[in-house]
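The structure under discussion appears below in the form of structure tokens.
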Amino acid sequence: MRLFTPLRLSLVRAVMSETGYHIPVLLNEVLELLVTDVNGVYVDGTLGGGGHFRAIGQSVSEKATVIGIDRDQQALENFNKTGLSGISAKVIIERSRFSQFDSVLQNNGIDKVQGLFVDLGVSSRQIDEPERGFMYMKESALDMRMDSSAGLTAAELLEESRENDLAEILEKYGEIRNAKRMASVIKSYMKHNKILTSADLKACIVKEYGANVKIQVFAKLFQALRIAVNGELEELAVFLEKSVKYLAAGGRLAVISYHSLEDRMVKEFIRKAEEACECAPDIPVCKCKKQVLFKRVNRKAVIASDEEIKVNSRSRSARLRVARRTEALGVL
Ligand SMILES: C[S@@+](CC[C@H](N)C(=O)[O-])C[C@H]1O[C@@H](n2cnc3c(N)ncnc32)[C@H](O)[C@@H]1O
């Protein structure tokens with residue numbers, strides 16, 4: 001799907017300069033595929049710089065409600081400063097994890113929504129701020145928490161996890177080939193050295209694997225730690241499961257993911273949700289009670305155009321999947 005025209009590209013640039021925080025990825029595609037009812041209720045579970053949120057808010061009527069959620073207090077504070085220009089809909093902004101979006105709905109007396117959207121991962125602002133500890137290119141404290149007030153930092157996770165658990169994290173979340181060896185290298189190094197910063201972690205890896213170790217190794221290692229620190233895959237799994245109950249018939253689920261682990265989860269969730277009754281054809285009455293819960297809106301994931309990638313290299317790995325909640329009430 002190639003939707004980018006010069007006019008739309010200028011919209012992307014305008015959104016970036018308006019917020020100076022993060023360039024929203026696949027913005028026009030999200031709007032076109034997510035917003036089907038201008039009077040509906042829409043949840044953006046990853047507010048970040050508010051690029052998608054603002055655009056969704058501006059494309060619906062004053063009868064609509066737009067709900068923005070982020071677990072990062074700094075993102076909410078920044079958004080509150082940049083304002084809600086051009087939005088006439090009711091706006092609800094809450095600090096929460098998107099896996100808990102149902103609590104936000106309940107607190108506001110809402111039981112069904114027309115759109116649920118998440119743009120996974122971290123924002124450019126979070127990556128660029130050294131004190132957040134997401135960087136591996138520059139020295140920073142190994143924190144990596146999206147919510148700086150909760151849970152273990154990456155440095156604490158390394159300290160507290162046993163070698164086997166660390167190996168599992170590296171293998172599962174970083175798809176690191178010889179994860180057992182890397183976990184053993186890190187834990188042995190930690191017997192005599194502290195790993196508190198990205199530079200400490202890199203020094204440990206370089207000591208064992210040599211100075212020519214590929215940048216991708218660090219990328220995978222940092223990805224694995226970030227996913228573990230923030231429970232990212234668990235968050236996504238719960239969010240997807242809950243979407244079944246809270247999306248109104250015809251409502252849309254839209255997810256942008258940036259790595260194959262997440263994209264696979266979304267793809268698999270939609271595939272399973274599209275499956276109908278599995279009873280043998282000779283059984284007169286369905287016993288499995290399985291119903292089609294979602295229908296995919298696009299056969300393949302939507303990817304960024306070359307034009308968008310030129311303006312925003314982060315969009316290169318983005319995959320947008322959208323599914324429509326079917327009419328029948330699903331088995332929950
Ligand atoms: C890629 S950015 C979103 C950018 C946003 N769409 C925009 O246009 O500016 C992801 C944001 O989601 C937040 N986030 C990630 N996982 C979250 C979760 N499980 N619950 C709530 N917020 C989350 C991060 O803190 C970050 O601000």
Side-chain angles (χ1 to χ4, degrees), residues 11-31 34 42-59 66-82 84 92-104 115-129 132-134 143-151 173 223 226-243 254-259 261-262 265-266 304 308 311-320:
L11 172 63
V12 169
R13 290 198 186 98
V15 171
M16 177 58 179
S17 55
E18 203 180 307
T19 68
Y21 193 99
H22 177 92
I23 308 179
V25 168
L26 295 168
L27 181 64
N28 297 298
E29 290 82 346
V30 168
L31 285 184
L34 177 75
Y42 292 88
V43 177
D44 177 347
T46 50
L47 182 72
H52 289 105
F53 181 82
R54 215 174 266 108
I56 295 166
Q58 288 166 352
S59 69
V66 280
I67 303 173
I69 293 171
D70 206 292
R71 71 200 294 186
D72 179 356
Q73 182 62 26
Q74 284 183 20
L76 300 182
E77 282 165 13
N78 172 76
F79 182 78
N80 287 334
K81 268 190 242 146
T82 52
L84 297 166
I92 297 168
I93 304 288
E94 285 201 19
R95 185 179 189 184
S96 177
R97 288 179 287 134
F98 60 65
S99 62
Q100 306 306 310
F101 77 86
D102 51 330
S103 303
V104 179
L116 278 174
F117 168 65
V118 282
D119 174 20
L120 299 170
V122 278
S123 66
S124 305
R125 173 66 68 92
Q126 287 167 323
I127 295 173
D128 291 344
E129 284 188 347
R132 305 299 302 266
F134 290 107
D143 188 323
M144 298 197 192
R145 290 170 302 166
M146 293 182 198
D147 174 354
S148 311
S149 69
Y173 301 150
Q223 171 183 300
R226 197 197 84 195
I227 292 176
V229 162
N230 295 290
E232 291 179 38
L233 299 187
E234 293 81 357
E235 278 291 303
L236 179 58
V238 175
F239 171 78
L240 293 173
E241 280 312 316
K242 287 185 178 174
S243 71
V255 180
I256 302 180
S257 52
Y258 295 88
H259 57 76
L261 293 172
E262 290 167 344
M265 272 178 76
V266 179
E308 181 173 7
V311 178
N312 181 10
S313 59
R314 188 186 148 83
S315 64
R316 187 184 304 277
S317 52
R319 297 282 175 278
L320 167 66

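For this chain, numbers begin at 1 and follow the sequence in order. The shown structure was predicted, so the numbers you read here are calculated from the model rather than taken from an experiment. Ligands are counted one by one from 1 in listed order, and the atoms in each one are counted from 1 as well.
For ligand 1, the 4.0 Å heavy-atom shell contains residues H22, P24, G45, T46, L47, G48, G49, G50, G51, H52, D70, R71, D72, S96, R97, F98, D119, L120, G121, V122, S123, Q126, M146, E235, R314.
Salt bridge annotation for D143-R145: present, with a cationic side-chain nitrogen under 4.0 angstrom from a carboxylate oxygen. A salt bridge does not link R97 to D147: none of the charged nitrogens lies less than 4.0 Å from a carboxylate oxygen.
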Problem - Stepwise ring-ring contact (aromatic ring centres under 6.0 Å, His included) check, F239 with F101 - result: CA-CA 8 Å; F239 171 78; F101 77 86; 5.6 Å; yes

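The side chain to side chain donor-acceptor pair (under 3.5 Å) search around R314 returns none, not counting sequence neighbours.
Among V118, L320, V266, the single residue meeting the side chain to side chain contact (heavy atoms under 4.5 Å, CB included) criterion with I256 is L320.
At distances below 3.5 Å, not a single donor-acceptor pair connects side-chain atoms of R125 with backbone N or O atoms of Q74.
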